Amino acid sequence: MKHAIRLLLTATTSLLLWFSTPAGADELAPLSLEEAKTQGAILIDTRPSHFYQGWPMAGEQQGGHVAGAVSLSADWKYDDEQWPQALSAKGLDARKPVALYGEEKGLAEVARLLRMRGFHQLYELKGWQQAERVHLARWQQLVYPQWLADLQAGKPVAAAPKGDWKLFEVDWGAPKAFLLSHIPGAGYIDTNSLEQEPLWNKVSDADLEALLLKNGIRHDTSVILYGRNSMAAARAAHLLMYAGVADVRLLDGGIDAWFAAHLSTEAGLPRKYEAVASFGAKIPVHPEYLTSTDQAKALLKQGDGALVSIRTWDEFTGETSGYSYIDAKGDIPGAKWGHGGVDANSMSDFHNPDGTMKPQGEILAMWDQWNIAPTQQAAFYCGTGWRASEAFFYAWLMDWQRISVYDGGWYEWSSDPANPIVTGDRKPSAE
């Protein structure tokens with residue numbers, strides 16, 4: 001009797017462990033890249049997104065992802081309502097074989113999550129380390145937390161700045177949150193020093209230059225920016241690039257990514273960098289990165305032009321203005337909808353669940369629906385420039401050649417009663 005009970009307890013324990021333990025990578029049948037191609041398998045990169053975008057893992061000579069692979073990091077957390085849209089955006093179909101690759105723990109976790117959603121033809125892709133890789137054109141400009149921490153510690157890092165570099169947090173107003181906790185050694189840039197009322201367009205070139213000199217920034221200084229909100233850092237990045245800073249980088253995912261990586265923070269005042277006497281180039285080095293209202297109107301008439309609204313659908317259709325200080329609702333006739341986020345303070349359509357940049361392919365697919373293409377001359381705008389700057393930076397990372405920010409955006413356009421406004425649902429025009 002005791003023997004039978006012991007057997008029953010052992011069997012019960014084994015069954016509970018089977019249900020509670022994630023399937024290991026060794027439980028997935030191996031599949032070579034050639035076999036995956038023959039079977040039409042979907043390839044999934046389960047690593048953190050920075051490796052997918054282009055950063056090499058330790059010991060690697062190349063970064064990026066296997067050509068054709070989609071990114072589904074084990075680090076991301078989707079809720080039940082988000083999964084269908086995520087699977088659709090990545091072209092994942094439970095009826096097709098799926099070959100996963102990455103580090104064992106992450107691979108096993110993604111396999112477990114896919115099984116819960118009806119995926120049963122799961123394989124482990126073998127030989128992916130030696131396979132041809134592709135990457136974001138300017139992956140070096142989208143840094144990740146551990147890279148920054150290693151750079152600060154003086155350790156060798158891939159794509160290290162070639163000379164002097166400086167780190168800044170960017171936000172609106174006094175650095176209240178910054179004083180409590182920030183990345184060690186960071187300076188602080190208040191967006192009020194970059195833009196001015198009444199329309200929150202950029203400050204004069206002279207004032208912009210004064211800000212840069214005060215913070216020790218020359219044209220050849222590498223500047224790394226991060227924010228509590230990625231849009232604020234992107235706003236600064238765009239204007240620094242307009243001025244002529246050649247090496248501007250963003251911390252992908254902002255300070256939340258730093259917190260998630262469990263890296264150290266500090267409290268206290270911002271670092272004060274030693275001022276410099278000269279920028280070393282005449283500002284602006286890249287005037288083409290900024291579009292005026294007159295230029296926006298001309299772009300609407302240009303055959304290969306795209307005036308791209310980076311706003312919510314409700315803003316684009318006129319259900320809301322998006323801002324407490326903007327009364328007018330609607331959008332610019334002839335503009336193309338480039339997506340945004342859940343509200344005027346969000347760029348969630350462009351972000352993975354952890355706030356990092358979505359893969360290039362997903363952003364391009366989103367823009368392609370509205371005939372927004374890399375070959376066009378594209379000017380991005382939103383309400384006052386923050387969201388547009390982030391879209392601009394992502395397009396620049398993808399090596400779009402003719403891009404700018406329409407700085408005035410909806411606020412400036414709608415402030416002139418002579419400018420036409422359109423409301424209501426619209427569809428992309430056939431081109």
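Computed from a prediction, not measured in an experiment: that's the story for all the values here. Nothing fancy with the numbering, it's 1 onward along the sequence.
Between Lys176 and Asp171, none of the side-chain N atoms (NZ, or NE/NH1/NH2) sits under 4.0 Å from a carboxylate O, so this pair counts as no salt bridge. Electrostatic pairing of Lys214 and Glu274 does not count as a salt bridge here, judged by no charged N lying under 4.0 Å from a carboxylate O. Here Arg387 does not pair with Glu390 in a salt bridge; the nearest charged N to carboxylate O distance is not below 4.0 Å. A salt bridge between Arg47 and Glu103 is absent, with no side-chain N of the basic residue lying under 4.0 Å from a carboxylate O of the acidic one. Look at Asp314 and Lys329 and you find no salt bridge, because none of the NZ, NE, NH1 or NH2 atoms lies under 4.0 Å from a carboxylate O.
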Worksheet item: Lys282 and Asp205: salt bridge (Lys or Arg N to Asp or Glu O under 4.0 Å), yes or no, with the steps?
Response: CA-CA 10 Å; Lys282 182 173 175 55; Asp205 289 346; over 6 Å; no

Fill in: Tyr406/Ser292 under side chain to side chain donor-acceptor pair (under 3.5 Å): CA gap, chis, key distance, verdict
CA-CA 6 Å; Tyr406 168 29; Ser292 68; over 6 Å; no

Practice prompt. Start with the C-alpha gap between Gln302 and Gln377, add the side-chain angles, then the distance that decides, and say whether side chain to side chain donor-acceptor pair (under 3.5 Å) holds.
Written response: CA-CA 9 Å; Gln302 187 173 315; Gln377 182 172 340; 3.1 Å; yes

Fill in: side chain to side chain contact (heavy atoms under 4.5 Å, CB included) assessment of Leu72 paired with Lys90
CA-CA 8 Å; Leu72 185 57; Lys90 297 175 186 302; 4.0 Å; yes

Discussion item. With side chain to side chain donor-acceptor pair (under 3.5 Å) as the criterion, how do Trp200 and Glu412 come out once you've worked through the C-alpha distance, each side chain's angles and the decisive distance to 0.1 Å?
Written reply: CA-CA 9 Å; Trp200 298 110; Glu412 182 171 322; over 6 Å; no

Discussion item. Under the criterion side chain to side chain contact (heavy atoms under 4.5 Å, CB included), I'd like the reasoning laid out for Phe350 against Tyr394: C-alpha separation, chi angles, the key distance, then a yes or no.
Written reply: CA-CA 9 Å; Phe350 293 80; Tyr394 290 160; 3.8 Å; yes

Discussion item. Could you walk me through whether Arg112 and Glu109 satisfy the salt bridge (Lys or Arg N to Asp or Glu O under 4.0 Å) test, starting with their C-alpha distance in whole Å, then the side-chain angles of each, then the deciding distance to 0.1 Å, before giving a yes or no?
Written reply: CA-CA 5 Å; Arg112 182 186 72 84; Glu109 173 63 8; 2.8 Å; yes

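Among pairs with a residue in residues 254-265, none fulfils salt bridge (charged side-chain N to carboxylate O under 4.0 Å, His left out), at least two apart in sequence or across chains. The ring-ring contact (aromatic ring centres under 6.0 Å, His included) contacts involving residues 211-261 comprise His238-Phe392, where partners must be two or more places apart or lie in separate chains.
In this structure, the side chain of Asn419 does not engage the main chain of Ser414 through any donor-acceptor pair within 3.5 Å. Without hydrogens or angle criteria, Tyr144 side chain to Phe51 main chain gives no donor-acceptor distance under 3.5 Å. Side-chain atoms of Asn215 do not come within 3.5 Å of backbone N or O of Ile217 as any donor-acceptor pair. Counting only distance, with no hydrogens or angles, the side chain of Asn352 and the backbone of Asp354 share no donor-acceptor pair below 3.5 Å. Remark: the backbone N or O of Tyr52 is not paired with any side-chain donor or acceptor of Ser49 at under 3.5 angstrom. Although no hydrogens or angles enter the test, the distance criterion places no donor-acceptor pair under 3.5 Å between the side chain of His135 and the main chain of Gly64. A distance-only check finds no donor-acceptor pair linking the side chain of Glu124 to the backbone of Glu104 [under 3.5 Å]. Judged purely by atom type and a 3.5 angstrom limit, Lys336 has no side-chain atom pairing as donor or acceptor with the backbone of Pro428.
With ring centers used as reference points, Trp400 lies under 6.0 Å from Trp367. Ring centroid separation for the pair Tyr323 and Tyr411 does not come in under the 6.0 Å cut-off.
Separation of atoms CD (Gln376) and CZ (Arg402) is listed at 8.5 Å; rounding is to 0.5 Å. Atom OH of Tyr78 is separated from atom CD of Gln85 by 9.0 Å, given to the nearest 0.5 angstrom. Remark: Ile255 CD1 to Thr265 OG1 distance equals 7.5 Å, nearest 0.5 Å. Distance check: Thr356 OG1 to Leu250 CG gives 12.5 Å after rounding to the nearest 0.5 Å. From Glu319, atom CD reaches atom CG of Asp425 across 8.0 Å, with rounding to the nearest 0.5 Å. A distance of 13.5 Å separates CD in Gln61 from CD in Gln129, rounded to the nearest 0.5 Å.
Atom CG of Asp79 is surrounded by more than 12 heavy atoms from other residues, nucleotides or ligands within 6.0 Å. In the displayed structure, Trp83 atom CH2 is contacted under 6.0 Å by more than 12 heavy atoms of other residues, nucleotides or ligands.
Here the closest non-hydrogen pair linking Leu125 and Ala36 is CD1-CB, 4.2 Å. Between Leu31 and Ala99 the shortest heavy-atom distance is CD2-CB, 4.2 Å. Residues Leu299 and Gly305 approach most closely at CD1-CA, 3.7 Å, considering heavy atoms. Scanning all heavy atoms of the two residues, the minimum distance from Val308 to Gly338 falls at CG1-CA, 3.6 Å. The shortest heavy-atom contact between Ser309 and Tyr381 is CB-OH, 3.3 Å. Taking every heavy atom of both residues into account, Val143 and Ile224 meet most closely at CG2-CG2, 4.2 Å.
No option in Glu60, His50, Gln146 other than His50 meets the side-chain contact (heavy atoms from CB on, under 4.5 Å) test with Trp55.
Judged purely by distance below 3.5 Å, without hydrogens or angles, the side chains of Gln141 and Asp247 pair a donor atom with an acceptor atom.
Using the six-membered ring where Trp is involved, Trp337 and His339 have ring planes that are parallel, under 30° apart on the 30 and 60° scheme.
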